[in-house]
Structures are given as C-alpha cells and as structure tokens.
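In what follows, a structure is listed as structure tokens, so that the remarks can point back to it.
Per chain, numbering begins at 1; letters A, B, ... match sequence-line order.
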Amino acid sequence: MDRAKLLTAVREKQPLVHHLTNWVTIYDCAQLVKSLGASPVMAHAPEEAAEMASIASALVLNIGTLTTDFIESMKLAASAANVRGVPVVLDACGAGATPYRDRMVVSLIESVRIDIIKGNASEIARVAGESVKTRGVDAGAVRGDLAGIAVELSGERNCVVVITGKEDIVAGGGALFRIGNGHEMMSRVVGTGCMAASAIGTFAGVCPEDLPGAAVEGLVCFEVAAELAVEEARGPGSFRELLFDKLASLTEGEVSSMRKVSR
Amino acid sequence: MDRAKLLTAVREKQPLVHHLTNWVTIYDCAQLVKSLGASPVMAHAPEEAAEMASIASALVLNIGTLTTDFIESMKLAASAANVRGVPVVLDACGAGATPYRDRMVVSLIESVRIDIIKGNASEIARVAGESVKTRGVDAGAVRGDLAGIAVELSGERNCVVVITGKEDIVAGGGALFRIGNGHEMMSRVVGTGCMAASAIGTFAGVCPEDLPGAAVEGLVCFEVAAELAVEEARGPGSFRELLFDKLASLTEGEVSSMRKVSR
Amino acid sequence: MDRAKLLTAVREKQPLVHHLTNWVTIYDCAQLVKSLGASPVMAHAPEEAAEMASIASALVLNIGTLTTDFIESMKLAASAANVRGVPVVLDACGAGATPYRDRMVVSLIESVRIDIIKGNASEIARVAGESVKTRGVDAGAVRGDLAGIAVELSGERNCVVVITGKEDIVAGGGALFRIGNGHEMMSRVVGTGCMAASAIGTFAGVCPEDLPGAAVEGLVCFEVAAELAVEEARGPGSFRELLFDKLASLTEGEVSSMRKVSR
C-alpha cells in the first residue's frame, strides 16, 4: 500500500485496535486511536482476551503497570493474534527499571510472536541485552550506537524494532529509518510514548504487509500532529488536548509537507 | 418530582453515585458526576463494594474492562443496592463483542435486580437475544426496530431500557421516549457512552420514583451540554474539556430551550 | 534546604516518585509530577513494587480504589522505602467511608513507617480515631479542632499530618502550619486531593530532611498553580488543563508573592 495514503486508509477502514495496556495512560491510548479515526478496545480478562484479539486488526501490548496475571492474558491475546496474522506491537514500557520487567518482557518475546517492539533508548537496549538502567519509565543513558542495537535486535528477533527519542529509529526488513519529527514537549507529557505504540498499532492494522512502513508512518503522523499542537500549546495540559484535536484534523498534505524521514 | 427540576435537584442533593466501572473512562465518569454537582465514588473491593453501595444514592455498573472477579464485586454491590432500594444502572459496554461478555451480562441480570440497562444498538440487541455483533465497544448493525427491541426487553426484564445513538430510545413503565439531542462529535470521543450511563445514574439518584423520567432527563442534560461544547470545540480533545465546563454551568433554561424529547 | 528553593530543586534533581495509587486519578497524579519537572512511575506488582520503591526518591500510597492484594503490595513497597530512607506519603483517600478502608489504613500504618499522612478533614479525623463519616471520598463534617487533631495524630504516630481543605493544616516536628492558598474550584474537579499528595511526595523527594517543610511547599506550589489556573478557567474541564500548564510554568517569584502560610 502507498505509505503516503495510510492515514486515509486508517480513516476509511477504521481498524479495531485491541489493547492490553497500562492503567495510567489507557484513556490516552484509546483516544489516540479514536482521534485517528480507528476503533480502540481494551479487554484483558483471560476468558476473552484471545477472542477480542482475533476479531481485531492489530494488538498493542504495553507493560507499564504489568502484573504476572496480566502478562498471561497478553500471551493468550498474542497467541490468538499470531494465529490470525494480526500484527502484535509490544511497548517495552519500563524495561530496564526492574529485573521483574526484564523477565516478563523476555517471557513474552519467547512465548509469542511480537511483530514490532517499541521503546525508548534504555528500554530497547535492555531488551537487546545491554546492561543499562531505565529510570522508572524514563530513558536512561545508553552508550554506543542505537541504530546498531535496533538493527541487531531486529535481525535477532526477526521483528521491527522502534526506538523513540529526539530522533526515532525504525529497523526492520533489512531497512533502517530515522524520523526527525516530534518535539521536546512530548517528553513533558505523560503517555506520549504509549500513544506512539498505539499509533504504530493502528497503522499496522491497515498495512500488515509492510510493518516497517506502518511503524514509520504511524510515528510520523503522531509526531506531526504533536508539532502542530505545540504551536498553540501553553504547556503540557493544553498540549494534550490539542494533540487529540490535531490528530483528528490531520491531513495527508500536512504530513507530507512536514515529514522528516531518512533512510 | 418535576422532571424539569431534576438538574437543580442533583445540585442541591448532591447524590453519592457509586461506580464499578471500566479502567479506560473511570476518570470521565467521575468528573461527569462531579461536574453535574454530585459526588462520585469508585470502590470495587469485594470487602466494601456492598457497604459503599448501601450508603450511595445510585449504583452504576459498567463492564467495559470486566473480569470474573469484578463481576462478582458488582453482584455484591448490586445486591446491597437492591436491598436498600438504591437504583442500579448497567452499561452493557461491549455486549455482543465476545461470548464471555454476553455470559457475564446475563449472569448479572439474572443474579441481581438491574433497574436500568443502557447500551448502544448492538449491545442492547445482544442483551435482548438478537444474533448481532458489537465491534469491540462500537455499535454494530442491527436489523429491525430498535424501539420494539427496547420495549420488549423492558417488559421482559421489568426494567428501563436505554439505547443510545443518533436518536436515543428510552423504554420503561410502559412508555417510550425518543431523544434527538446530542452530536456526532460524541462518537469521536472515548467515554461518551460511559458518561451517559453515569448521567442517568446521577439523575436516578435524586428521582428513584420515576426511573424512565430520570433516564430521559439525565440523557437530555448530558447531550445538551455536549451540543453546547461542540459549538466551541475544535476537535475531540477540546470537546472533552468543554463538555465538563458546560455540564458545570448548564442551566435549566438551556435544557428546556434545547431539549428534543418525543413520546 | 532553603524552602523557597524547593521548586527549583525539584526541576533540577527530577526525583523519581513511585506511586501505588488509585485507578481514577492515576493519570492526574503522574502528570502532576511530570508538570512539576519530576519523574513519575506507577508499579504495583508484588514482584517489583519493593524494587521500584528502592530506586525512587519518594513513595506515594493512595487507597482510593484499594483491594487487599493492593495493600499488600503497598506494604512491600513501603518496607523497602523505609529501609532506604525513602519518604512515604499516604493519602487516606476515603477513610471513614467504610470499615474496610479504616482497617486497611490502620493495617498500613501499623505495618510500615508512614512519614506523611494526608487526607481531608473526615479522613484524617477517622484515622485519628474520631467517629466521623466520610461521604465516599468527599469530606464529612468534623466536630472540634482540626489543628488539635492533626497535632495529636502527628505526635502519636510520629509523622507529618496534612489536612487539606479551605485552609490546609500541616502538623509535624512540633510545628503547625496553616496554608490559605487554593480555590473552591479544586473541590469541583476530581483528583485534586490525590494530586496534592503527589505534590507533597515530589517535594519530599528532594527534601527528606525537612518533611514538614516539603509538605508545606509542595501544597503551596500546587495551590498557587491552581489559583493561577482558576483565573483563566471557564469550568472544571479547562481548569484541569490549565492546572498542568501553570504547574509547568510556575516560578519561584509567583509562589513567593502568592504564598499564604502562617505558623
């Protein structure tokens, strides 16, 4: 599918995006999907997580407020998604903050097929086996080449790897993309990282045949809307509100004129 | 009680509205109640759900992110509410999306007295036994006469039935009401359906002797505030903020001049 | 540390503030911390609650939507915080509403060291053993001298006691402070009480050696920002948004010129 047309495809196909996510930003993830014109659903009961995943177009897993039972529901949902070919996005939220998170992420990755792993620098570095520390859910310092870490993890796990930050990195299918969109304000608002994963999942839901492309376009649209929101925002409160407004009114023209993607 | 005075009654009596609701829109349900001038509380622990329900003026149950344990707490709360004559509202959120949801809704309806069942077209049709599909938590297509389905379910379950949509239908006490208020924007914002149930519960808390009337007035006030919010909104983000502002400043005059209710 | 410089210290040190809090206002607590320039994290799994607490600068416990398992995780987190000398703040949200809440609060206070107990009038009076009733999570009437109750509880439990209301009372270290900042609008917005506890925790994270001072300054900064937000707010929705904006742009000058603290 023409990548430049993915935003329109999201609005026309209105993919159902199933989430097993954290309790802090669950509203923001749902409204992000809704603002893009798609349909969010959150259902974590083990009795239905799999069934909901199999009627969905994409599944987004976020371990921000994980528990062991919750991870088990994620496995049930992801296994069902795997069977149906529904793309699975994992936000490794907080990986590197505690050994428990690291164990749960590894357990997830080795139990089910994760199509796209997304995190900040220290989260992804930790998933890749580096000895780094994540400060709660905020990125810690990472030595060395982030792009190299993304490419290696992508090859090792045969999935798309997304590292969000001042510059976002998307590695997958042998290709490497760098995205220069976004704004520092996003780091001062809770949930922008989680919403980025939901945006990626929403685009993956209409473009399962090109997941690196879906990840890039989902991030670009989200971050272009964020740049438009920052222009009018007076702080993190008004930014959050404007972000949902701008996502809903975002045009292909705005995206194509503002996109900063390099290979 | 004079239906036109219910909004004033809510602000004067400030009913305590207990919720066992979903984790996506729990803030919105609480702020909806607070903006109307009433007092929300959310407490789901089985050790206290019943006690909290018995000191409340109304109980709102919403199965959006249900689990089996959570449904058990709902039964404890509703049983206590039933004993005290506290009106119980059930938002059949997502009924028709998975067999598990359908089983849990039936289990609730058959274990405790539900005074008002509210949902979108496919959720209520599913509760009424129709073979329809709900798309996550968004309404699916329903063949046939919605009003007929509402009236039949109302008689069969001896409760008020509310179907929200472009036109809302309220069936109860042998009467049928159609509400033309609201705006398409509401379908682009997460939580408007859940808030509608909380509005109905809040009004039921001051008018338990006329639940169909309370459901109609709660919906009308909520949707008139939404119409006022849309006039100034630039999208779903600003709409949500304005909705809470307009609910707090809503006057009986605005409601009576804008209400669109037919029998 | 110079109390007047605590806001600057928060922004420079960016303390990690760990929360085990309620599901209604969890976003607001996180964004409050983020808007102040600090770093929030929420993690309640028993396998990691303690570890997260030991890498944090402060721990905030809020029982708003408590369950027995959740209280157990709070004990694990608080015990680890106690060992590391990480300040622990308890928001006795809803104490006095049900016997279960009262039992859980006592169980917490007697199992771990709580450094700062915060609540509204009836919540704190209940913790102090008075026979009062809290209306869900809204303050009920309390006879007698609130300051006396705070001072007595502070001495009895050897901790700082904070009573929020039209006038806030902070008792600790043999001192008593009265804070006149804030605005009635705060009582019409869900989560302001919870955010007050998070503000106290954030300031305690950079000033563990003077917890009464941290509690006072945290409250003053939060309530001065609220006063600034009210000036532009049109209701509870816009107030919430403006509160996060004003917290992010708050200056020491605004705080020192608007602070109303008496001993």
Side-chain angles (χ1 to χ4, degrees), chain A residues 11 14-57 65 69-70 73 77 80 225 228-229 232-233 237-250, chain B residues 21-31 62-71 93-105 107 133-140 184-195 229 232-245:
Chain A
R11 290 170 178 164
Q14 301 178 23
L16 180 65
V17 184
H18 184 204
H19 288 66
L20 278 81
T21 187
N22 73 70
W23 307 134
V24 185
T25 63
I26 188 168
Y27 174 89
D28 300 77
C29 291
Q31 187 57 50
L32 176 284
V33 173
K34 197 86 156 174
S35 295
L36 282 170
S39 183
V41 67
M42 280 65 179
H44 64 287
E47 297 89 343
E48 72 170 353
E51 181 124 14
M52 198 66 88
S54 32
I55 64 171
S57 298
T65 54
D69 287 352
F70 204 80
S73 286
L228 293 168
E232 298 172 34
S238 46
F239 171 77
R240 181 197 190 197
E241 170 201 328
L242 284 156
L243 178 58
F244 292 133
D245 287 350
K246 298 300 183 183
L247 283 160
S249 62
L250 192 64
Chain B
T21 187
N22 72 70
W23 306 134
V24 184
T25 63
I26 188 168
Y27 174 91
D28 299 77
C29 290
Q31 187 56 50
N62 177 310
I63 63 167
T65 54
L66 82 174
T67 60
T68 302
D69 287 352
F70 204 79
I71 294 290
C93 190
T98 68
Y100 172 67
R101 279 178 192 246
D102 297 346
R103 285 198 307 276
M104 290 296 109
V105 169
S107 166
K133 270 284 171 199
T134 298
R135 202 157 166 283
V137 293
D138 291 336
E184 183 275 339
M185 168 71 85
M186 298 169 77
S187 67
R188 288 187 271 142
V189 178
V190 170
T192 48
C194 306
M195 285 189 273
E232 299 171 35
R234 296 151 304 167
S238 47
F239 171 77
R240 182 197 190 197
E241 171 200 327
L242 284 155
L243 177 58
F244 291 133
D245 286 351

Part of Asn22(B) lying under 4.5 Å from any heavy atom of chain A: neither
Toward chain A, the part of Arg234(B) with a non-hydrogen atom under 4.5 Å: both
Donor-acceptor contact present, side-chain Thr134(B) to main-chain Ala95(B), <3.5 Å: yes
Exercise: identify the closest heavy-atom pair between Lys34(A) and Ser187(B): CE-O, 2.9 Å
Note: Glu47(A)-Arg103(B) ion pair, threshold 4.0 Å (strictly below): no
Part of Leu243(A) lying under 4.5 Å from any heavy atom of chain B: neither
Leu16(A) portion near chain B, given a 4.5 angstrom heavy-atom threshold: both
Side chain / backbone / both / neither for Ser249(A) at chain B, heavy atoms under 4.5 Å: neither
Backbone N/O of Val190(B) and side chain of Arg240(B): donor-acceptor pair under 3.5 Å: no
Backbone N/O of Cys194(B) and side chain of Thr25(B): donor-acceptor pair under 3.5 Å: no
